Amino acid sequence: MSALAHLGSTGGGAQAPGGAAPEPTKKGGFTAYLLLLPGVLWLLVFFVAPMVQLAAVSLQSQFPGYPGYYYRDVNFGSYLTAITEYLPHFGRSLLFAGAATLFAFVLAYPLAYAMAFKAGKWRGVMMICVIAPFFTSFILRTVAWRQILADEGPIASTLRFLHLLPGGHITETWVAVVAGLTYNFLPFMVLPIYASLERADPKIIEAGGDLYANGLTTFRRVTLPMSMPGVLAGTLLTFIPAAGDYVNAELLGSDTSTKMVGNVIESQFFKVLGGFPVAAALSFTLMAVILALVFLYVRRYGTEELL
Amino acid sequence: MGIFSKSTGGFREAKGDLILENVTKSFATFTAVDDLSLTVPRGSFFALLGPSGCGKTTTLRMVAGLEQPTAGRVKIGSTDLTGSRPYERPVNTVFQSYALFPHLTVRDNVAFGPKRRGVADAVAEANKTLELVQLSHLADRKPTQLSGGQQQRVAVARALVNHPEVLLLDEPLGALDLKLRREMQVELKRIQMEVGLTFVHVTHDQEEAMTMADTVAVMNLGKIEQMGAPEVLYDLPRTKFVANFLGQSNLLHGTVQGTDGDSVVIGSGDHKVKVRQARMATGEGGEAIFGVRPEKTRIHDTDPGPQLSGASIGPGTLLDVSFSGVATQYLVEIPGVGRWAVYEQNLDLDRIDNKPGDQVWISWNPGHAFGVRS
């Protein structure tokens, strides 16, 4: 999307250096609105309406003496509960998602780089390997990781044997949760970085060498900055869903010390009588926090093409 | 030097002529450059001219260090650069696609090289070079905000700012329209004279090569067919490939039938033409190709034969006449020889009364004819 907008602006940019977009013709106006209609309707029905409903629920008050019954109200009490009681969960959500994003980046960049520049005829095979896990349910794959990382499993036993596992477990710890998040969202990091590297003209990287930059400097000064749009997209696509995830903490984490906001929302909705307003308030708070973080992040690292 | 040392660590100062010694570059299935030896004098504007796939770009990339030769040496003066990395060579390239860094401003693009080499006032150097290519006013723009011609000049500035011993130009004008290309040809020539660096220019455009370069090397199938000043190459091509690739030639495939004074007689069917010994690229006997440039010929309504024996041909059938103001171009089908072209400058106000289908003869000054190997 951003790439298209960018391409569109290059043509006009030469004539109008101010970057002013050409005026849309009046004749096309009606057709344009007509084409927008399905998308707008979709957003209204499946995004705006549920959001309004969720906001309304988060502000409801409970009928005194009737647990599970509410009335319409503008009561911010649920938000207070959400923030004060579940602050550690917010902290964990952001911390685990942040760590998973970092690890995913560290794993994904060399992989994407190899696919874009070194794989040759193996590029297609590597691409399939990255995408193939999507053909299995991610719940199933996460359950599989529980088996692999289990106390009796090969990894945990080996580490225990080598005295490298102080706690004795991998599952039921934050390590397993972050590992699960990293694993599950890795393709969302690989694909955008790959796309941005693959689009880059190899001559530009050669130009780095031609202009006295050695391999490392060329990577730092040319390749990495050129792939920033992909890195930015990848980190957002990893961090945002990871921060809201509850499956990994549920299946790989412990019942107490690794719960994330998603787990609280899930239990408030499905397991606690009268938990709806708090769950809705938690959802909204998480959304606000993520939006604020993303905004700051894009402001800091975003290129013109993304803003 | 560790990998964290300044990238200038392995930089090699070298001054002098660019010398290629028996350079060969083989890829898996073909040989791109075949035992090529070449000396480009310091400070000259040298053009490597040839069709696509002739090995000219591979040759350039070996000088830049972007490819390593399979055999042979690449030297500047007495310094052997074979095997060294691109960033270690006092050589810079203007890439065909410009290859500007999209994330950097024009100024930062130009300052990139000086910064890597630790030049103290890299930005000032960049500004100075931008002035040379008349782009100072666009220094804060991103490359995508510039036109093709402007991007091209940024690419030239980005290479020039480093004062390389050799500047390589890889079809730098290929993406520009004709008018801009002519302007840039003049501009590049001006810059080269001003900075006095060795320019090696790769192109498939023969006119561009002849306009700009002091020396042109015509390449074909990984080898240099002929090398020399543009006028010499054009006037006296030594191979059929050069005769056809550099300008246009009227050719007659025949056999050497003997000598007449200081001329060689080449015959084909009823036609007999003469070439001065000194302008023949073949030895005695055997097959030979006679050639003469279209603008060196004239068209006749009657047989000029008796007076111009060996310097005329005909009769042929006039196929096409095209009048273009300054000149008139005739296309003539000569039985047993092929199609010949005649360009006549419209010096006089003669009415052109030749029509397609007419019988015509063609003549030339015998001193302009040449003979090449078949």
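In this text the structure is predicted, and so the values were computed from the model without any measurement. Below, chain A is the first sequence line, B the second, and so on; all start at residue 1.
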Spatial distance of atom OH (B/Tyr98) from atom CG (A/Asp201) [nearest 0.5 Å]: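 One finds 12.5 Å between OH of B/Tyr98 and CG of A/Asp201.
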
A/Leu211 CG to B/Arg158 CZ distance, which is reported to the nearest 0.5 Å: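 Here the interatomic distance stands at 5.0 Å.
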
Given heavy-atom pairs under 4.5 angstrom as the criterion, report whether the side chain, backbone, both or neither of [X] touches chain A.
X	value
B/Leu100	backbone
B/Val91	backbone
B/Arg89	backbone

For A/Tyr212 against B/Phe11, the heavy-atom pair lying closest together: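 Closest heavy-atom pair between A/Tyr212 and B/Phe11: CE2-CE1, 3.4 Å.
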
Top contributor to chain B contacts, counting heavy-atom pairs under 4.5 Å, from A/Ala207, A/Pro202, A/Gly215: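 Heavy-atom pairs under 4.5 Å are most numerous for A/Ala207.
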
Verdict with reasoning, B/Tyr87 to A/Thr218, per side-chain contact (heavy atoms from CB on, under 4.5 Å): CA-CA 10 Å; B/Tyr87 56 83; A/Thr218 299; over 6 Å; no

Contact class of A/Asp210 relative to chain B, heavy atoms under 4.5 angstrom: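 Answer is both: backbone and side chain atoms of A/Asp210 are under 4.5 Å from chain B.
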
pair A/Ile204-B/Phe95: side-chain heavy atoms closer than 4.5 Å: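 No - every pair of side-chain heavy atoms lies 4.5 Å or more apart.
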
Side chains of A/Arg221 and B/Arg116 in contact at under 4.5 Å (non-hydrogen atoms):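 Yes, their side chains come closer than 4.5 Å.
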
Counting only heavy atoms not in [X] (residues, nucleotides, ligands), do more than 12 fall under 6.0 Å from its [atom1]?
X	atom1	value
A/Tyr297	OH	yes
A/Phe47	CZ	no
A/Phe103	CZ	no
B/Arg85	CZ	no

Test item: B/His103 side-chain N/O and A/Ser227 main-chain N/O as donor-acceptor pair under 3.5 Å: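 Here the side-chain-to-backbone pair does not exist.
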
Inter- and intrachain pairs under ring-ring contact (aromatic ring centres under 6.0 Å, His included), touching residues 128-183 of chain B, at least two apart: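 Passing the test, one end in residues 128-183 of chain B: no pairs.
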
Heavy-atom pairs under 4.5 Å with chain A, option from B/Leu168, B/Leu104, B/Asn162 with the top count: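 Most heavy-atom pairs under 4.5 Å with chain A: B/Asn162.
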
